[in-house]
Amino acid sequence: MIQLPPGIRHIPGHLDMDAQRLLVDEIRRVVADAPLYVPAMPRTGKPMRVRMTNCGALGWVTDKERGYRYQATHPVTGRHWPPIPPGLLRLWDDFSRYPHPPEACLVNFYDPRARMGLHQDRDEEDFDAPVVSVSLGDACLFRVGGTKRADATMSLRLESGDVVLLAGEGRLCYHGVDRIYPETSTILKGAGRINLTLRRVTKP
Ligand code: SIN
Ligand code: MN
């Protein structure tokens, strides 16, 4: 067993196949209402490799002009994000140890060649609440370090149904996804990986 940085927890296999299927169905309905779109990096406008959407009162978005932020509407359709489905709210209740509901759930879709660079989740006002993250579909190689970019990092494989928590002193740890392992899960119709991250954005 590798020793994860303080405040980082990995719960392998938290969701069994039936629970994963239910969550995939919930996310399909979210995506039907709020389609995945290609976000762009601040300033450069470089497209990200991961496609995104959100559910909840607020959603995390990024574009060339206005950069990283939360907003109540989908940047392409202009509509409000759909609500966070019950299966995800349950996960927050199970793991967050936080007395208020999440406001945002970012839905990341990785095709087999997508990756996500090392970053901190720091666009929220409230770092007392954890980030609760769940993986569905193909496995990935997840990297996590300390709260400074130069800190040593370690890698772990996340499988479909795994939960990761960034809480307490781990809340601002750098993390990213180095690679997707294609054809390692049959839970999605096609290839790829979905990651869902639940967050509290505003101070209650
Ligand atoms: C993220 O940091 O937004 C996603 C992490 C992951 O895909 O596991
Ligand atoms: Mn993140």
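Computed from heavy atoms alone, side chains included, the values below leave out hydrogens, waters and symmetry copies. Throughout, residue positions are numbered sequentially from 1 according to the sequence presented. Quick caveat, the model's predicted, so the values are computed rather than measured.
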Check: residues 99-109 side-chain donor-acceptor pairs under 3.5 Å, at least two apart:
from	atom 1	to	atom 2	distance (Å)
E103	OE1	R200	NE	3.3
E103	OE1	V201	N	2.7
E103	OE1	T202	N	2.6
E103	OE1	T202	OG1	3.2
E103	OE2	T202	OG1	2.7

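Looking only at side-chain heavy atoms (C-beta outward), L156 and L158 come within less than 4.5 Å of each other. The closest side-chain heavy-atom distance from F127 to D121 is not below 4.5 Å. In this structure the side chain of P130 never reaches within 4.5 angstrom of the side chain of L166, judged on heavy atoms.
Although no hydrogens or angles enter the test, the distance criterion places no donor-acceptor pair under 3.5 Å between the side chain of Q20 and the main chain of I187. Between the T53 side chain and the L36 main chain, no donor and acceptor come within less than 3.5 Å of each other. For the pair D138 (side chain) and T184 (backbone), a donor-acceptor distance under 3.5 Å is present. Remark: the backbone N or O of G13 is not paired with any side-chain donor or acceptor of E159 at under 3.5 angstrom. In this structure, H175 contributes its side chain and G145 its backbone to no donor-acceptor pair below 3.5 Å.
Under the 4.5 Å side-chain heavy-atom criterion for ILVMFWY residues, a single connected hydrophobic cluster contains both Y70 and M52.
Electrostatic pairing of R69 and D63 counts as a salt bridge here, judged by a charged N lying under 4.0 Å from a carboxylate O. With respect to the salt-bridge test (charged N to carboxylate O, under 4.0 angstrom), the residues D126 and R199 do not qualify. A salt bridge links R21 with D18; the closest basic N to acidic carboxylate O contact falls under 4.0 Å.
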From CA spacing to verdict: side chain to side chain contact (heavy atoms under 4.5 Å, CB included), M154, F142
CA-CA 8 Å; M154 62 186 73; F142 183 76; over 6 Å; no
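Aromatic pair F95/H14: centroids less than 6.0 angstrom apart.
Aromatic ring orientation, Y68 versus W60: tilted (interplanar angle from 30° to 60°).
With Y110 as the aromatic partner, R193 meets the cation-pi criteria of under 6.0 angstrom to the ring centre and within 45 degrees of the ring axis.
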